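None of these values were measured; they are calculated from a predicted model. Any value given below was found using the heavy atoms of this structure, including those in side chains, with hydrogens, waters and symmetry copies removed. Letters go in sequence order (proteins before strands), and every chain restarts at 1.
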Amino acid sequence: MTASSSVTSEVGIHLEGITKTFGEVVAVDDVDIVIREGEFFSLLGPSGCGKTTSLRMIAGFEVPDAGRVLLRDKDVSGDLPSKRNVNMVFQHYALFPHMNVEDNVMFGLRVSGVRKKERVQRVAEILEIVRLPGFQKRKPFQLSGGQQQRVALARALVNRPSALLLDEPLGALDVKLRREMQLELKAIQHDLGTTFVYVTHDQEEALTMSDRIAVMNLGRVEQIGTPREIYERPDSSFVAGFIGSLNAMDLKIQQRQDGSGGMTVGEGWVIARVDADVAVGATLRAAVRPERIALGPAGAPAHPDGSVVIGTVEEVIYLGAMSLFHVDVPGLGQLVSQRMSHEDESAFQTGDRVSASWELVHTLVLE
Amino acid sequence: MIDIATSKWAKWVLIGIFVFEIIFLYAPVTLLYIFSFNEGSVVGFPFVGFSLDWYETAFTNRGLLLSIRTSATIALMSSTASIVVGLLMAIPLARRKFKAKTPIMALVLSPLVVPHLVFGVALLITFRSVDVLTNGFLEFPLSLPAVAIGHVVVLMPLIVLILIPRLQRIDAHLEEAAQDLGASGWRTFRTIILPLIAPALAAAYVISFIISFNEYAVAVFVSGPVTTFPIFVLAELQVPVRVPQIIAISVVVVTLSLLVVVGAEVMRRVFERRYQVLSQTAGLLGVADADTE
């Protein structure tokens, strides 16, 4: 997905070297993130990586031990949540159970003293946007999970916040509804042009919706970039492993040519783009995405400037549109190749001798 | 684990215990109702004849009516004070994390295990000492407020125990959501927390009122010249001819208590159906919440 047109060059949120510890545990460790105005920005990582704590520091529910939180260039590090012009969508929606949809949504407007007539009108408008028109008098318990999610979204957006913070908002929904809501959220963000900061552990969700993603691990930012950058040019083995699946391998540099280096594996070879300072004899950590590995009959001519190895198909896993081939390559280990099921090469069966090949650029050098 | 309720003989044992309990709980009360209408002045069979005379005697007994008014006043004072203090205690105990929580909880609940008689004596000594030490300056009389103070101590742990489970069940994110939307701490309490615990508050209030109204052991030590309803009843029971009218008034009190409790329960259900907050809660007045948590 391409960057949305709502992104500007202005800084919306700046986390400036923020650190937060809970007792002995360092939840967020010197994190520096600049989120642009109008951007759909995701904080992605496994549980305990510090993404939610970072989000809660933007909202004001946690105060950083060190560093500053800047909203539109204003230092808000010490401000109460009620004084910050950002609103949050909670994981389990946190709708007020004793209020109907209208009262829930207008809660913020009421607090800030907006007149009744305008309140009612703005609630109606925002319910239109989240596609719940006419739901004003319903109680939260009368709504489905997806509808409650929309109310939570409306309750935050109706205040026209400078940024909307979303803490795994789709986590409680089933897969099909989650996919629908992902696209819808993206559309709403695009239409309103509001900065969205989205916390998730679901890489597919982050890739689908985000303009940019910060991948976090153990309280630190591993990489910040567009979904394409993160997927195709991961900075670390953690990022490569967390986003998508991959075939990791040790690459011992036996031969060097300008800009590339490689090793022989049986009758084949693996080569990668390597930096000039990597000498013959060095060992690198490298990886290939399963969908990049093409299969062919053993002995067929290979890519002139790519990698090719020979192995035996050990297992074929049919997934509908795609199939996975587990290929045992002596001297390298097992490679997984993911092919579209309608392609010719998916005819290979267990026990077949095959060549597995991929282009030079698709050997990812991780560290 | 063996499930007692599904084993055949165990089921009959349980039913037996239940019937036994019901009989011993309600048979005496039923007898009270019967004898309150007995014309004879000796409480017991044979039933001489139907009469409302004892009710008339009771309701024209000035001392008795005064004692009821006294107890009602004390109950009103003590349950109002303890609901406020109890709520202020229960909120941090239920919803905040802090180090001294366990010892504070123990301190708050300890009146439950101190015998009321012992506490009554202690309270009496305390009031006397204050009086002596200040040379009577405070003129703190042993009377109505003294009993009310004693009852606040007795009631507070109960109120805290009723409120804590309810407070704990309120999702902490609701408070955060309110604050995120700009609400102050007070506004969050008023618009979110208070409405959600209103049924539990009402339940706690009714229960404390009834307990205070019937409390004898603490009251008897610190009431001084004031006569509360239980003190009056116990004194009157020493005089055999006055027993029937005491029975009559007891019937009235029991009936009123039942009506209040049932009324409160009905209101709680109506209220919660409207809010649909606590779908899984049954239990009389929400007290059973403590067991389900």
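Neither the backbone nor the side chain of B/Ala172 comes within less than 4.5 Å of any heavy atom in chain A. In this structure, no portion of B/Ser184 lies under 4.5 Å from any heavy atom of chain A. Heavy atoms closer than 4.5 Å to chain B are found in both the backbone and the side chain of A/Asn87. Using a 4.5 Å cut-off between heavy atoms, A/Leu109 makes no contact with chain B at all.
Here A/Met88 contributes atom CE and B/Glu176 contributes atom CD; the two are 7.0 Å apart, rounded to the nearest 0.5 Å. Between the CZ atom in A/Phe107 and the CZ atom in B/Arg187 there is a gap of 6.0 Å [rounded to 0.5 Å].
In terms of heavy-atom proximity, B/Ala177 sits nearest to A/Ala94 at CB-O, 4.0 Å.
No other option in B/Asp171, B/Thr191, B/Thr188 has as many heavy-atom pairs under 4.5 Å with chain A as B/Thr191.
Side-chain contact check for A/Gln91 versus B/His173: every heavy-atom pair is 4.5 Å or farther apart. At least one side-chain heavy atom of A/Met99 sits less than 4.5 Å from a side-chain heavy atom of B/Ile192. Side-chain atoms of B/Asp180 and A/Ser82, non-hydrogen and from C-beta on, never get closer than 4.5 Å to each other. Between B/Leu174 and A/Phe90 the shortest side-chain heavy-atom distance does not fall below 4.5 Å. Under the 4.5 Å side-chain criterion, counting only non-hydrogen atoms from C-beta, B/Leu181 is in contact with A/Phe96.
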